Amino acid sequence: MQIIYILWLRQIKRYFRSRSRIMGSLGQPLLLLLALGYGFGPIYQKAGGGNYIQFLAPGIISMGILFTAVFSGIEIIWDKQFGFLKETLVAPVSRLKIMVGRTLGGGTVAILQGLIVLLISLIVGFRPENIYFLPLTLVFMALIALFFTALGTAIASVLEDMQGFQRIMNFLLMPLFFLSGALFPLQGLPKAVMAIASVNPLSYGVDGLRGTLIGGAHFGLLTDFSVLGLLTVIVLVIGSFLFSKIEI
Amino acid sequence: MIKVENLTKKFGDFTAVDKISFSVSQGEIFAFLGPNGAGKTTTIKILTTLLKPTSGRVMINGNDPAKEQNAVRRSFGIVFQDPSLDDELTTWENMELHGVLYGVPKPTRRKRIEELLKFVELWDRKNDLVKNFSGGMKRRLEVARGLVHHPKILFLDEPTLGLDPQTRNHIWSYIQNLNTTEKMTVFFTTHYMEEAERIAQKIAIIDHGQIIVQGTPAELKQQTKTNSLEEAFLALTGKTIRPEEVNAADRMRMRHRVFHH
Ligand SMILES: Nc1ncnc2c1ncn2[C@@H]1O[C@H](COP(=O)(O)OP(=O)(O)O)[C@@H](O)[C@H]1O
Ligand SMILES: [Mg+2]
């Protein structure tokens, strides 16, 4: 426990010590909320969708969590390059514990980031339907955060340097985000797009967040919860296996 | 304590370590010497579970680092050749993290950290971020950190590189003291031959992945009919200058610095 705690604490400290990172990662969600929210708002309303900001905010919150989580996971590449990883690799500690500690740390950071984006959404005009659901919202934020931190860590375990990182941005993060229902409703989509969206883990996170914040989950909250929960466990196990194979 | 038989490590078809054999008994101070690129760091990485050997047998405190990793990891401490501190943490936090990872109980941990930090004269910098430290300060901290859990075996890969003679002596006397009082086995590499001659009880010289000679400092000098280990070393490995390594990690660090400042 103490080992998981100290590895968690390390990530938290690193996060609060890099204020520029916190500020920098807030610009994008704010921009999207303003540009898309107000830009597409009138069309969305005309098409009978209601208030677009209400629909969009849970998607942008998911995005904030997604990006922070994957970046935290990928920080392992920095640790590799700057040498600190060696210190953890030679420690007499199970790789699963290291994985869990890192994931909880990165996950916590991602949740914090998600809460900040939620706050920004409130300022921009978003209003949750039912504040009693907020604890459930937090559960889904945590699931998105943990799953994607673990995924980032697992991927980063097999990457050598930051070039692979750029590729991940382009070929993983962007498609995950755009094909998740974060920006548009999943109802009535072409079959192909729908098929992709329903194998995209982020879709279930976005759906869960939206379901708890404004109601009307597409897959259902229980499905969202089970899919994300199960995937998180699987990725943690695969991740610690890949982690144990790292050679320096 | 350390037993290596016919150890070989290949990267692709390049042989970095070529059928080396040696052994180090408990409480011995062993110097592993050789020019740049000889295969010292690669050997240390295999002994400390970071790399898998291509072939050969290795035993560390009775366990195989390729199989019984955790048992091996519990038995040693290491100061790596390359930096391995977390720059975003303070001196104290780096030490504390290490102590917790190695399961040192809190009261002992606190006491040892204080003692070690005072010893390497970083106690009054204990709450400063490591990223603001000079190379020498980081090195001192790494040596101190490697000793927090009082390991049975201490691996030191060029531990004193870039330190002034005062600090080098200071650190070695501490290590020698642990070596006598706790029978700690020490395996180290260095380019300072007078250091190896003074500290080591046994020496192996490796070049191009092969061990060319081993014995006590006196035996090596006798064999080469020289008066100092430095002369013996040059007589054995020749006088051509070996290229300095620039590895991917160094390049990365350089790029990072340029990028951020
Ligand atoms: N991961 C690696 N891939 C390919 N070659 C490597 C790798 N690590 C080390 N080498 C090569 O193996 C040789 C021995 O390196 P090393 O053990 O670091 O030497 P030393 O520590 O004695 O200076 C060098 O030629 C080095 O370039
Ligand atoms: Mg070396």
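Everything numeric in this text was worked out from a predicted model, so none of it was measured. The basis for the numbers below is simple: all heavy atoms, side chains too, and nothing from hydrogens, waters or symmetry mates. Lettering of chains follows the sequences in order, A, B, ..., and the numbering in each one begins at 1.
With rounding to the nearest 0.5 angstrom, the CG atom of A:Leu26 is 4.5 Å from the CD1 atom of A:Ile120. Of the inter-residue distances, the one linking B:Asn179 atom CG with B:Lys183 atom NZ reads 8.5 Å to the nearest 0.5 angstrom.
Ranked by heavy-atom pairs under 4.5 Å with chain A, the list B:Arg145, B:Lys52, B:Gln69 is led by B:Arg145. Ranked by heavy-atom pairs shorter than 4.5 Å toward chain A, the options B:Ser84, B:Ala71, B:Gly146 are led by B:Ser84. Taking B:Leu50, B:Asp86, B:Val72 one by one and counting their heavy-atom pairs under 4.5 Å with chain A, the maximum is reached by B:Asp86. For the options B:Val100, B:Thr48, B:Asp87, heavy-atom pairs under 4.5 Å to chain A are most numerous at B:Val100.
Proximity to chain A (any heavy atom under 4.5 Å) is restricted, for B:Glu93, to the side chain, taken from C-beta onward. For a residue to count as touching a neighbouring chain, one of its non-hydrogen atoms must lie under 4.5 Å from one of that chain's; by this rule A:Lys13 touches chain B with the side chain only. Of the atoms belonging to B:His98, heavy atoms from both backbone and side chain fall under 4.5 Å from chain A. Within the 4.5 angstrom heavy-atom criterion, atoms from both the backbone and the side chain of B:Leu101 approach chain A.
The cationic group of B:Lys118 lies under 6.0 Å from the six-membered ring centre of B:Trp123 and within 45° of the ring axis, placing it in a cation-pi geometry.
No hydrogens or angles considered: nothing links the side chains of B:Gln26 and B:Thr185 as a donor-acceptor pair under 3.5 Å. Side-chain atoms of A:Ser72 and A:Gln11 form no donor-acceptor pair, as typed in the model, at a separation below 3.5 Å.
The ring of B:Phe32 has its center closer than 6.0 angstrom to the ring center of B:Phe22.
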